[in-house]
Amino acid sequence: QVYYPPRYDIVDGLAPDLETSSQLEKEIPLGIHRVPNALRDIIRHKLDGDELSGKSAEYFVNIEPILKEPLSWGSYVARFSTLMWAEEIQMELDIRNYDMDWATMTMSRDNPRLLLLRVPGLAENRPSVLKGDVLYAAKKLSDGSTEHKEYKGYVHEVYLNEVAIGFHKSLVDEFVDNMKFAIRFTFNRLPLQLMHRSVELADENSLEQMLFPTIETACALSPIVPADIPLRLVNRQLENNGEQYQAIKHILMGTSRPAPYLIFGPPGTGKTVTLVEAIQQVLINVPEAHILACAPSNSAADLIAQRLL
């Protein structure tokens with residue numbers, strides 16, 4: 001299956017006060033990056049075994065070699081954009097499992113401007129709903145159909161089994177107990193938008209030599225700090241380990257620039273300890289540096305933070 005967003009009239013609701021903007025967002029605004037309908041058509045036709053035609057066929061001819069051939073700088077933006085759109089299509093299908101039919105809401109006692117919706121599985125994050133998230137409610141008609149209009153609601157509070165939602169005043173004013181709704185959940189697209197922007201910025205800022213280094217370009221820049229600078233390590237035990245000490249020294253010097261410097265090895269061989277010491281040495285010796293420490297999971301990021309502390 002492939003999900004196509006409904007073409008309903010949307011009545012915007014009452015959004016909570018959230019401070020989400022950052023300096024980067026002000027300098028480089030986030031694009032919308034909606035999934036192209038041609039890609040939805042391609043996936044649907046391929047799953048059904050149908051022939052492609054028109055814009056979908058043209059889109060497929062352009063994108064198929066980009067997805068099949070080895071990743072290169074020339075295909076970097078198109079490939080990752082397409083893969084993120086494909087992932088979003090799957091996320092849309094997954095969230096549909098939580099949609100509710102014939103749902104009822106109640107008026108919030110704390111704030112009569114908000115409606116409370118009971119969501120089964122909310123305590124187990126099925127679905128995951130956070131403050132600021134959006135869901136849509138369409139009024140059910142007596143014959144079982146829904147109005148061709150959706151009210152866009154913003155989550156103001158998340159409780160154990162309920163969420164408090166801000167809808168347009170017109171819905172709240174006419175709301176009565178036991179009014180029936182079809183509820184459509186959504187997911188926050190901000191992480192996807194950030195990833196799309198990152199892909200575009202890699203292209204605009206010419207990060208080719210960092211993402212696709214060559215023998216000719218690697219190690220081509222002058223050292224950030226002199227090679228003969230004496231290091232006094234925060235973790236003095238690392239001074240007795242030649243490989244860890246040299247890794248820290250090379251990171252501090254920026255030896256491999258513009259290519260990345262890689263630390264690798266089996267679990268328990270001291271990679272995190274070496275990385276943490278390298279971060280500390282950069283802070284000490286290059287105080288004007290900006291450091292961004294990333295990890296593949298929240299627990300891994302916590303570990304780096306704890307070791308730094």
Side-chain angles (χ1 to χ4, degrees), residues 2 24-25 27-47 49-94 187 189-224 247 250-251 253-266 271 274-275 278 282 289-297 300-301:
V2 176
L24 180 61
E25 200 166 330
E27 294 176 0
I28 311 173
L30 282 172
I32 301 299
H33 300 289
R34 293 293 182 194
V35 179
N37 280 331
L39 182 59
R40 296 183 190 275
D41 291 338
I42 289 170
I43 295 176
R44 179 172 60 83
H45 280 77
K46 288 295 181 181
L47 291 174
D50 298 334
E51 291 292 328
L52 294 170
S53 62
K55 291 183 178 180
S56 299
E58 182 180 341
Y59 191 98
F60 183 71
V61 168
N62 292 329
I63 204 65
E64 184 184 29
I66 292 175
L67 296 177
K68 285 187 173 182
E69 295 170 2
L71 181 65
S72 66
W73 180 245
S75 65
Y76 184 83
V77 175
R79 184 187 182 110
F80 277 108
S81 295
T82 303
L83 291 176
M84 287 187 288
W85 282 325
E87 184 173 354
E88 182 172 352
I89 289 173
Q90 184 62 52
M91 293 168 68
E92 291 172 343
L93 285 175
D94 292 342
F187 52 85
R189 294 190 71 251
L190 178 61
L192 289 164
Q193 291 173 271
L194 290 170
M195 287 188 281
H196 279 287
R197 182 174 65 180
S198 296
V199 169
E200 291 181 346
L201 289 178
D203 186 33
E204 293 173 9
N205 289 280
S206 301
L207 297 184
E208 179 178 2
Q209 300 307 326
M210 186 179 80
L211 297 173
F212 295 87
T214 64
I215 294 176
E216 293 74 26
T217 60
C219 308
L221 302 179
S222 57
I224 298 173
H250 281 300
I251 292 171
M253 293 169 57
T255 305
S256 62
R257 294 187 309 142
Y261 187 88
L262 305 182
I263 301 174
F264 64 95
K271 298 186 298 297
T274 304
L275 179 64
V282 171
H290 297 271
I291 300 174
L292 175 63
C294 304
S297 67

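The chain is numbered in sequence order, starting from 1.
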Donor-acceptor list for residues 50-62 side chains, cut-off 3.5 Å, not counting sequence neighbours:
from  : atom 1 : to    : atom 2 : distance (Å)
Ser56 : OG     : Asp41 : OD2    : 3.4
Asn62 : ND2    : Glu58 : O      : 3.2

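- Under the ring-ring contact (aromatic ring centres under 6.0 Å, His included) criterion, Tyr261 pairs with His250, sequence neighbours left out.
- Summarising the geometry, atom CD1 belonging to Ile63 is positioned 3.0 Å from atom OG1 belonging to Thr82; distances are rounded to the nearest 0.5 Å.
- For Ile224, the side chain to side chain contact (heavy atoms under 4.5 Å, CB included) partners at least two apart in sequence or on another chain are Arg257, Val286.
- Using modelled atom types, one side-chain atom of Ser198 and one backbone atom of Leu194 make a donor-acceptor pair closer than 3.5 Å.
- From Met91, atom CE reaches atom CG of Leu192 across 5.0 Å, with rounding to the nearest 0.5 Å.
- In terms of the side-chain hydrogen bond (donor to acceptor under 3.5 Å, both in side chains) criterion, residue partners of Ser72 (sequence neighbours excluded) are, by chain and number, Ser75.
- For residues 203-224, the set of pairs meeting the ring-ring contact (aromatic ring centres under 6.0 Å, His included) definition, not counting sequence neighbours, is empty.
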(message) Run the salt bridge (charged side-chain N to carboxylate O under 4.0 Å, His left out) test on Glu204 and Arg197 for me, step by step, so that the C-alpha distance in whole Å, both residues' side-chain angles and the decisive distance to 0.1 Å come before the verdict.
(response) CA-CA 10 Å; Glu204 293 173 9; Arg197 182 174 65 180; over 6 Å; no
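- Residues satisfying the side-chain hydrogen bond (donor to acceptor under 3.5 Å, both in side chains) test with Ser256, not counting sequence neighbours, are none.
- For the pair Trp85/His196, a side-chain contact is recorded, criterion being any heavy-atom separation below 4.5 Å from C-beta on.
- Applying the side-chain hydrogen bond (donor to acceptor under 3.5 Å, both in side chains) criterion to Gln90, with sequence neighbours excluded, gives Asp94.
- Contacts of Pro260 classified as side chain to side chain contact (heavy atoms under 4.5 Å, CB included), with partners at least two apart in sequence or in another chain: Met210, Leu262.
- With hydrogens and angles disregarded, no donor-acceptor distance shorter than 3.5 Å links the side chain of Glu200 to the backbone of Val77.
- If you take CG on Leu39 and CZ on Arg44, they are separated by 12.0 Å, rounding to the nearest 0.5 Å.
- By the 4.5 Å heavy-atom criterion applied to side chains, Leu201 and Leu207 are not counted as neighbours.
- Atom OG of residue Ser206 and atom CH2 of residue Trp73 lie 6.5 Å apart, to the nearest 0.5 angstrom.
- Within the structure, the salt bridge (Lys or Arg N to Asp or Glu O under 4.0 Å) test picks out the following pairs touching residues 72-91 (sequence neighbours left out): Glu88-Arg189.
- We find the CD-CD1 distance between Glu64 and Ile66 to be 11.0 Å, quoted to the nearest 0.5 Å.
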(message) What verdict does the side-chain contact (heavy atoms from CB on, under 4.5 Å) test give for Ile43 and Lys46, after you've listed the backbone C-alpha separation in whole Å, the side-chain angles of each residue and the deciding distance to 0.1 Å?
(response) CA-CA 5 Å; Ile43 295 176; Lys46 288 295 181 181; 5.8 Å; no
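- By the 4.5 Å heavy-atom criterion applied to side chains, Pro258 and Leu221 are counted as neighbours.
- Proximity of a side-chain donor or acceptor of Lys271 to a complementary backbone N or O of Gly265 within less than 3.5 Å is detected.
- Around CD1 of Ile215, the count of heavy atoms belonging to other residues, nucleotides or ligands within 6.0 Å does not exceed 12.
- Applying the salt bridge (Lys or Arg N to Asp or Glu O under 4.0 Å) test to pairs two or more places apart or on separate chains, none has a residue in residues 28-39.
- In this structure Ser297 satisfies the side chain to side chain contact (heavy atoms under 4.5 Å, CB included) test together with Ser299, Ala300, sequence neighbours excluded.
- Two residues are said to be in side-chain contact when any heavy atoms from C-beta on lie closer than 4.5 Å; Val199 and Met84 meet this criterion.
- For His33, the side-chain hydrogen bond (donor to acceptor under 3.5 Å, both in side chains) criterion is met by no residue, not counting sequence neighbours.
- Nearest heavy-atom pair, Leu211 versus Ala202, reported as atom, atom and distance to 0.1 Å: CD1-CB, 4.2 Å.
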